[in-house]
Amino acid sequence: MFDLQTQPTPFIEAAQTERRPAWDLTVSLINATVQIDQPTGDGTRTVGTGFLLNAPRPDGTPRIVLVTADHVLSRMPDAEARIGWRTELPDGGWRFDPQPLTIRDAASDPLWTKPEDRDVAVMEIAAPEAFARAAIPMAWLADKDTFDAAEVGPGDDMLSLGFPRGLSANRAGFPILRVGRIASWPLTPISAFPTFLLDFAVFPGNSGGPVFWTPTVQRQADVETPIHPYVAGVLTQEVIVQEERLGIGVVVHADYIREAVALLDQKAAPAP
């Protein structure tokens, strides 16, 4: 492989009240997704994708967390990377406005946390006000029961956002939206199947991007369509066999994002 990267939940109940249009839900994920990169010194750069999560601290104080693949950050050797903020202009246009992002402390220790043996990373960041508002709520993350509750199965479509080979959708730095079908079975329990396959071409730069579902995507015949969106996981790899790319992506279930955030809480907790 080549590394790249019917019990309702509280969010489902909230979504039923809000009745937001599907396109708006997709745009919400687009606005929360950013490019992460670091120059390599030879005229190239290491590029990955991340997205912002509104994950309040245990005491309820606000906190914005960047979610990506662990290998995206670990393969950036310098202490400082860049994060691709976007600034809206008075005329309605946008400007790509990348800014420094410290990913290691003075001792060169990583500032992110990850679950053991899972290619997922989270770190607290300071985000511009517009991006802090765009960060998706924790309740949008699928948990260990979401796939079964929503009757997700092979052949169902999932959407993904990212920056394949560092390419963005436009000069403003917005991510590219793509679609693929779930290509593996079984999908649960996630303790036994922590990843699933998505049938679409994956490129360096896609790593760390959100894989998500909204009411616009196709479902299996005769399966009821939920009205809520959810982030199903993080894209982490493409499948390569004997140097041949198979056009299949590997996705880590979103419940491991929840686990990574819990580890971040533990890391930040004061010593007893």
| query | To the nearest 0.5 Å, how far apart are CG in L101 and CG in L73? | reply | 8.0 Å
| message | Quick one, L159 and L177 - any side-chain contact, counting heavy atoms below 4.5 Å? | response | yes
| task | Take V67 and V234 through the test side chain to side chain contact (heavy atoms under 4.5 Å, CB included) and record every step on the way to the result. | result | CA-CA 8 Å; V67 181; V234 178; 4.1 Å; yes
| query | Is the side chain of T33 donor-acceptor paired with the backbone N or O of L29 at a distance under 3.5 Å, no angle test? | reply | yes
| message | Less than 4.0 angstrom from a charged side-chain N to a carboxylate O is my criterion; do R82 and D37 meet it? | response | yes
| message | Please determine whether ring-ring contact (aromatic ring centres under 6.0 Å, His included) holds for the pair F196 and W185, giving the CA-CA distance in whole Å, both sets of side-chain angles, and the decisive distance to 0.1 Å. | response | CA-CA 8 Å; F196 63 93; W185 179 262; over 10 Å; no
| query | Can you find a heavy atom in the side chain of Y230 that is under 4.5 Å from one in the side chain of V152? | reply | yes
| request: Decide yes or no for N54 and P56: does some side-chain heavy atom of the first lie under 4.5 Å from some side-chain heavy atom of the second? | output: yes
| task | Just do the side-chain hydrogen bond (donor to acceptor under 3.5 Å, both in side chains) check on R104 and S108 with the steps written out, would you? | result | CA-CA 5 Å; R104 291 179 175 83; S108 296; over 6 Å; no
| said: Using side-chain heavy atoms (C-beta onward) and a distance below 4.5 Å, is R63 in contact with D265? | reply: yes
| query | Which value, rounded to the nearest 0.5 Å, describes the distance between I103 atom CD1 and Q38 atom CD? | reply | 5.5 Å
| query | Is there a ring-ring contact (aromatic ring centres under 6.0 Å, His included) between H253 and F193 once you walk through the steps? | reply | CA-CA 9 Å; H253 278 285; F193 304 99; 9.0 Å; no
| query | Any side-chain heavy atom of I36 sitting closer than 4.5 Å to one from T49? | reply | no
| task | May I have the step-by-step check of side chain to side chain contact (heavy atoms under 4.5 Å, CB included) for L264 and V65, ending in yes or no? | result | CA-CA 10 Å; L264 187 65; V65 168; 3.9 Å; yes
| Is the shortest distance from a Lys or Arg side-chain nitrogen in R95 or E88 to a carboxylate oxygen in the other one below 4.0 Å? | no
| said: So which atom in A142 and which in A232 form the shortest heavy-atom distance, rounded to 0.1 Å? | reply: CB-CA, 4.3 Å
| note | dist E238:CD -> L197:CG (nearest 0.5 Å) comes out at 12.5 Å
| query | Taking atom types as modelled and ignoring hydrogens, do the side chains of D143 and T146 form a donor-acceptor contact shorter than 3.5 angstrom? | reply | yes
| task | Check whether any side-chain heavy atom of F212 lies under 4.5 Å from a side-chain heavy atom of T26, and answer yes or no. | result | yes
| said: Please find the pair of heavy atoms, one from W85 and one from A126, that lie closest to each other, and give the distance. | reply: CZ2-O, 3.9 Å
| field | Which atom of P110 lies closest to which atom of K267, heavy atoms considered | value | O-NZ, 3.6 Å
| Under 6.0 Å from the CD atom of Q99, do we count more than 12 heavy atoms belonging to anything else shown? | yes
| field | Same apolar cluster (I L V M F W Y, side chains within < 4.5 Å links), V241/V250 | value | yes
| remark: Heavy-atom nearest pair, P210 first then V231, reads CB-CG1, 4.4 Å
| task | Determine whether L198 and I182 make a side-chain contact, defined as any pair of heavy atoms from C-beta on separated by less than 4.5 Å. | result | yes
| query | side chain to side chain contact (heavy atoms under 4.5 Å, CB included) between L111 and D105: does it pass, once the steps are laid out? | reply | CA-CA 7 Å; L111 296 179; D105 61 19; 3.9 Å; yes
| Any donor-acceptor N/O pair, T113 side chain to A260 backbone, under 3.5 Å | yes
| message | Applying salt bridge (Lys or Arg N to Asp or Glu O under 4.0 Å) to R118 and D255, what does each step give before you reach the verdict? | response | CA-CA 11 Å; R118 299 288 170 252; D255 200 51; over 6 Å; no
| field | Cation over ring face, R165 and F203, 6.0 Å, 45° | value | no
| message | So does D145 get a backbone contact from the side chain of D148, meaning a donor-acceptor N/O pair under 3.5 Å? | response | no
| message | Using side-chain heavy atoms (C-beta onward) and a distance below 4.5 Å, is M123 in contact with I125? | response | yes
| What are the two closest non-hydrogen atoms of Y256 and S191, and how far apart are they? | OH-CA, 4.2 Å
| request: Find the distance between CD (E116) and CG (L263) and round it off to the nearest 0.5 Å. | output: 10.0 Å
| message | Set out, in order, the CA-CA distance, both residues' side-chain angles and the distance that settles side chain to side chain contact (heavy atoms under 4.5 Å, CB included) for R181 and F200, then state yes or no. | response | CA-CA 7 Å; R181 289 189 171 182; F200 82 133; over 6 Å; no
| task | Considering non-hydrogen atoms only, spot the tightest contact between A127 and A132 and give its length. | result | CB-N, 4.1 Å
| note | Rounded to the nearest 0.5 Å, the CG atom of L161 sits from the CD1 atom of I30 at a distance of 5.5 Å
| So, is the end of the R86 side chain (NZ or CZ) under 6.0 Å from the ring centre of F96 and within 45° of the ring's axis? | no
| message | Could you measure the distance from the CD1 atom of I176 to the CZ atom of F163? Nearest 0.5 Å is fine. | response | 8.0 Å
| message | Given 3.5 Å as the limit, does a donor-acceptor pair link the side chain of Q35 with the main chain of I83, or not? | response | no
| So, S74 side chain and D70 main chain: donor-acceptor pair closer than 3.5 Å or not? | yes
